[in-house]
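Notes follow the structure.
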Amino acid sequence: MAEDGGSYLDLIKLTTDKLSIDTVSDSVTCSSCGAVSLFLGTTRDHFEGKTVVQLEYEAYVPMAESELRKICADIRATWPTVRHICIHHRLGVVPITETSVIIAVSSPHRHDSLEAVKYCIDTLKATVPIWKKEIYESEEPCWKENKE
Amino acid sequence: MAEDGGSYLDLIKLTTDKLSIDTVSDSVTCSSCGAVSLFLGTTRDHFEGKTVVQLEYEAYVPMAESELRKICADIRATWPTVRHICIHHRLGVVPITETSVIIAVSSPHRHDSLEAVKYCIDTLKATVPIWKKEIYESEEPCWKENKE
Amino acid sequence: NNTNDVSVLYFAKSAELAGVKSETLCVRADITSIQLWQELEKRHPKLLGVREQVVFAVRQEYVALGEQRLSLSEGDEVAVIPPLSGG
Amino acid sequence: NNTNDVSVLYFAKSAELAGVKSETLCVRADITSIQLWQELEKRHPKLLGVREQVVFAVRQEYVALGEQRLSLSEGDEVAVIPPLSGG
């Protein structure tokens, strides 16, 4: 559990290790927060009928970290009661059905963390320099593009 | 991980055991879903300046399960792409800072599961017959009331 | 008038005020929800303290206190539901 | 005209097309972003394939391809940013 001495943590990690929802969830829990909202992005085994056998993520790491810190700052400006924010994104090879990103936000009341998590994943997909390549069973690999 | 043979699971549990975010998260993960959204309600150590030493939850169990199943049905009517739904609510004594409720929803695209989780916790608080008693350090215990 | 035995369940604050968690009552089949409440208050006067806040659940469906007839059958379950605080 | 050595980084599809992940280029300090892109295309003609989709990140801030002058200093980092797909 995160310390609760009036601190506000922005915990950001880009890693080639497998992500742990327990670790992320624990890192934002605090005794004054009633709500923790989380989002997990997982890699899918199909895209438009093609079988995906593997995925690879690549990042412009220092800028990705800087953009993630900007998202944290935006969240704190919009939802000032938000307590802790944790964002873990996996890089390198991610086996299908494993988790590529976990976002967790704690807040005293639930609506702030629920809205902040939605803002966080929407903005991450739009602004953080990370790329995903899908490797298919029987076609050329393809660099993906976030649509929404 | 949940089986992925075209099934749609509504997993509901009221339990006096400690809740596990790993278990709940795993139970809704499926290879065709890119998104898992979760909400955790945790018990706080303060209420209006009073130190909470313990919490107790009580439920009208068969009706609570029935109301939770109604919520699942409502979610499926509103967000038909939602895949699996898991709702675990703890009963009995819950030590402070431990989790009282976990909700997880998986869907192919993130907005459906994010919105479904928000609907689920809002509706759970409004319609499911469960009650929380806060036991304070130096005042009479108090049955709480959901406000929102 | 036709009467039936029904189970009344009390939860949370209403259970503390009534001093029981459940009891079996013999009531008229066509009793209204407010009349049933008045029966319960007669048995447990402290329930007056939550009168403005409670609803019933009759056969696990919510029913407000009012003029609605409950059509109770033998063995039906009626629960006193104080304000909810799950989650 | 004043020139400086800058680091150019290529990511994802642009790295595959350029055939390199990074290189050092000597460019005019007051080059515009579209002129810099044209320099890169001259060196790596296959980059034409992503021209309509990329932006730059100059000193880790996004800059669209256009008439904006980049004011590059010695050692600055410019990244070629194809469409994002994180998350």
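We name chains A, B, ... by the order of the sequence lines, and we start the count at 1 in each one.
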Fill in the blank from the handout: So, the part of Ala59(A) with a heavy atom under 4.5 Å from chain D: the answer is backbone
Handout entry: Which portion of Tyr60(A) sits near chain D, non-hydrogen atoms under 4.5 angstrom
Key = both
Fill in the blank from the handout: d(Leu84(D) CG, Leu124(A) CG) to nearest 0.5 Å is 9.5 Å
Problem - Check: Met63(A) and Arg59(D) side chains under 4.5 Å, non-hydrogen atoms - result: no
Exercise for the section: Count the heavy-atom pairs under 4.5 Å between each of Arg90(A), Lys133(A), His89(A) and chain D, then report the option with the highest count. Expected result: His89(A)
Problem - Charged N-O contact under 4.0 Å between Glu145(A) and Lys13(D) - result: no
Fill in the blank from the handout: Comparing Cys142(A), Pro129(A), Ala64(A) against chain D, the one with the most heavy-atom pairs below 4.5 Å turns out to be Pro129(A)
Exercise for the section: Count the heavy-atom pairs under 4.5 Å between each of Gln60(D), Glu16(D), Glu77(D), Glu61(D) and chain A, then report the option with the highest count. Expected result: Gln60(D)
Problem - Gap separating the NZ atom of Lys132(A) from the OG atom of Ser85(D), nearest 0.5 angstrom - result: 7.0 Å
Handout entry: Toward chain D, the part of Trp131(A) with a non-hydrogen atom under 4.5 Å
Key = both
Fill in the blank from the handout: Residue from Ile121(A), Ile130(A), Leu91(A), Ile87(A) scoring the most non-hydrogen pairs under 4.5 Å with chain D is Ile130(A)
Completion exercise
Greatest number of non-hydrogen atom pairs under 4.5 angstrom with chain D, of Pro62(A), Ser100(A), Ser66(A), falls to Pro62(A)
Exercise for the section: Would you indicate whether Lys21(D), at its atom NZ, is surrounded by more than 12 heavy atoms from other residues, nucleotides or ligands within a distance under 6.0 Å? Expected result: no
Fill in the blank from the handout: Whatever's closer than 4.5 Å to a heavy atom in chain D on Glu67(A) counts as side chain
Exercise for the section: Assess whether atom NZ of Lys46(D) is packed by more than 12 heavy atoms of other residues, nucleotides or ligands within 6.0 Å. Expected result: no
